[in-house]
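Predicted, not measured: the structure shown is a model, and the values here were computed from it. Index from 1, following the sequence.
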Amino acid sequence: MEWLRSRIARSPRHALVLGKTLFLAGSILVVGAVFARAELMGINAERAEAKLPVIRTLAEAFPQYPTWMVPEGPVGFAIAAALVVVGMVLTVKAGEALKRAAP
C-alpha cells in the first residue's frame, strides 16, 4: 500500500484523473447492466405473451451488438464494483494529496 501512496504523492493529478475514470467506467457498466436487464425483462414479457421460449442472455436478444462488455452475472458485477471502489479510493487519496501539496 505504501507504493500506492508514493505513486499518488508523485503525481496526484494523474491519480485523480485515473480514479475518476475508473469510477465512471464501473458506474457506466452497472447502470448499463440495469438497463439491459430491464430491456431483457421487457422482451421476455412480450415473448411470454406470444408463447415463445425465454431469452436468457443479451447476446441472444441482440446478436448484432457486442454485448460482452455488459455485466450479466456475478463475476461481471464484481468486476464493475471493483472498478467503482478502486476509483473511489484513488480519487479520495489523490484529493488528500492535492490538499497537502497546495500552499
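- Between L29 and V70 there is no side-chain heavy-atom pair separated by less than 4.5 Å.
- Closest non-hydrogen pair, I8 versus A94, comes out as CG2-CA, 3.7 Å.
- When all heavy atoms of A61 and I43 are compared, the closest pair comes out as CB-CD1, 4.0 Å.
- The heavy-atom pair separating L22 from G87 by the smallest distance is CB-CA, 3.9 Å.
- Around CZ of R47, the count of heavy atoms belonging to other residues, nucleotides or ligands within 6.0 Å exceeds 12.
- Looking at V30 and P71, their side chains never come closer than 4.5 Å, going by heavy atoms from C-beta outward.
- When all heavy atoms of T21 and V17 are compared, the closest pair comes out as OG1-O, 2.7 Å.
- E46 CD to I55 CD1: the interatomic distance, rounded to the nearest 0.5 Å, is 10.0 Å.
- With rounding to the nearest 0.5 angstrom, the CZ atom of R13 is 15.0 Å from the CG atom of L18.
- With a 6.0 Å radius and a threshold of 12 heavy atoms from other residues, nucleotides or ligands, Y65 has its OH atom at or below the threshold.
- Note: L58 CG to R37 CZ = 8.5 Å, rounded to the nearest 0.5 Å.
- To the nearest 0.5 angstrom, F62 atom CZ is 7.5 Å from L40 atom CG.
- In this structure, CZ in R100 is found 9.5 Å from CG in L98, a value given to the nearest 0.5 Å.
- In this structure, the separation between CD1 on I28 and CE on M69 is 11.5 Å, given to the nearest 0.5 Å.
- For the residue pair E72 and R56, the shortest heavy atom distance occurs at OE1-O, 4.2 Å.
- Hydrophobic cluster membership is shared by L83 and L4, with clusters built from Ile, Leu, Val, Met, Phe, Trp and Tyr side chains linked at under 4.5 angstrom.
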